[in-house]
Amino acid sequence: MTYPTTRMRRLRMLPGVRALVHETRVHPANLIMPLFLVPGQKVKSEIPSMPGQYHFSIDTVGEEAQKIYSLGIPAVLLFGIPEEKDESGSHACDEQGIIQKGVAAIKKACPDLVVITDLCFCEYTSHGHCGAIINSQVDNDLTLQMIVNQTISHANAGADMIAPSGMMDGAVAAMRAGLDQGGFTHLPIMAYSAKFCSAFYGPFREAVQSAPQFGDRRSYQMDPANRLEALREVELDIQEGADIVMVKPALAYLDVISAVKEKFGMPTAAYNVSGEYAMVKAAASKGWIDEQRIVVETLTAIKRAGCDIIITYFAVEFAELFRKGLV
Ligand code: PBG
């Protein structure tokens, strides 16, 4: 009988030693909390498809922003549901629009919280697609002009960073040029570079009523099978001027996150999306999993894959655990 000389278990015996050799630590400073804005007053209503997440009106979101900031989370990502949707999503560029007013309200309530705006049209169009429709298809170049208008509108409203999520070709370059010409050379772009056409967005689409009214998003979002194409998408966005690149969703795409970080070494974000959130909440509500442990394990795995930034509906929950010393 021979016995092992190297015993991996030696470093697993004491909590303190385990802490010393712990390779990946998620910190609230790594996280971005998404927020959903709706018209109306005094609204804070739970989103049925995303238990624990809320629709906020402009007058209630400031308080939430302060809470988020006080937990050490540096940034929020804003989504808006307009009063009315139309064919061209015109409300998206309205100076008095939901996002524009929301940015101002949050910056007023909490000036140091980084306010990132999601830039897309699907929440604003009556057909639910992410741009202008010509012959039943989203027209890329017509949408680019609309993207520039929305970009300037968000910048004028006081956004600290803009995140284009529509997967139009050339969006980052168009935005960068628009921002630079408009005097916003300092505003960074966080590009949804490798955004896959995923069933994991289901609960979000219910939350913002943005499910496409015909067809699907396969002509602009990526095929989940494609890793090399994701690298080309990221490379293009970097060439076009993206400051942060993103992979979305996160959990089923950890290999893509890892490849992106290895290859480009860019500040890299991952979006832990609504379906990933809702599945955990659903299983936890049945008592089938331990929610706290799943949250910590999941976020740790996403960071271990190589990203610096995680956009997650669990941001507040994680930061609360962190504050209590439970992480
Ligand atoms: C808008 C957008 C979507 C998400 C973020 N921005 C939905 C979609 O592409 O259909 C999904 C976020 C989530 O599921 O948490 N294009």
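Order of listing sets the numbers, starting from 1, for every ligand and every atom in it. Here the structure is a predicted model, which is why all the values come from computation and not from measurement. Numbers here simply count residues along the sequence, with the first being 1.
Among all non-hydrogen protein atoms, the one lying nearest atom 10 (O) of ligand 1 is Arg205 NE, 2.6 Å. In this structure, the protein non-hydrogen atom closest to atom 14 (O) of ligand 1 is Ser274 OG, 2.7 Å. For atom 16 (N) of ligand 1, the closest heavy atom belonging to the protein is Lys195 NZ, 2.9 Å. Ranking protein heavy atoms by distance to atom 4 (C) of ligand 1, first place goes to Lys248 NZ, 2.6 Å. Considering only non-hydrogen protein atoms, atom 15 (O) of ligand 1 sits nearest to Tyr313 OH, 2.6 Å.
Taking the ring centroids of Phe314 and Tyr277, they lie under the 6.0 Å cut-off. The aromatic ring centres of Phe196 and Tyr253 sit less than 6.0 Å apart.
The cationic group of Lys281 does not satisfy the cation-pi geometry with Tyr313, failing either the under 6.0 Å distance to the six-membered ring centre or the 45° limit from the ring axis. Cation-pi contact between Lys248 and Tyr192: absent, since separation from the ring centre below 6.0 Å together with deviation from the ring axis within 45° is not met.
Ligand 1 has no atom lying under 4.0 Å from any heavy atom of Gly166. At least one heavy atom of Tyr271 sits less than 4.0 Å from an atom of ligand 1. For Ser210, the closest heavy-atom approach to ligand 1 does not fall below 4.0 Å.
Counting the atoms of ligand 1 from 1 in the order shown, those under 4.0 Å from a heavy atom of Cys122 are 1 (C), 16 (N). Close approach to Arg217 involves these atoms of ligand 1, each under 4.0 Å from a residue heavy atom: 8 (C), 9 (O), 10 (O). Close contacts between ligand 1 and Phe79 involve ligand atoms 5 (C), 6 (N) [criterion: under 4.0 Å to a heavy atom].
Atom CZ of Arg218 sits in a sparse spot, with 12 or fewer heavy atoms from other residues, nucleotides or ligands closer than 6.0 Å.
A donor-acceptor contact shorter than 3.5 Å links the side chain of Gln100 to the backbone of Ala92.
Among Val115, Val76, Leu113, the single residue meeting the side chain to side chain contact (heavy atoms under 4.5 Å, CB included) criterion with Asp160 is Val115.
Considering each of Phe196, Phe204, Tyr192, Phe121, the one bringing a non-hydrogen atom nearest atom 3 (C) of ligand 1 is Phe204.
Note on ring orientation: taking the six-membered ring where Trp is involved, the planes of Phe214 and His129 are tilted (angle from 30° to 60°).
The side chain of Cys120, and not its backbone, has at least one atom closer than 4.0 Å to an atom of ligand 1 (non-hydrogen atoms only; side chain from C-beta on).
Counted by atom type alone, Ser126 and Asp86 present zero donor-acceptor pairs between their side chains at under 3.5 Å.
Any N or O atom pair closer than 3.5 Å counts here, and Gln221 shares at least one such pair with ligand 1.
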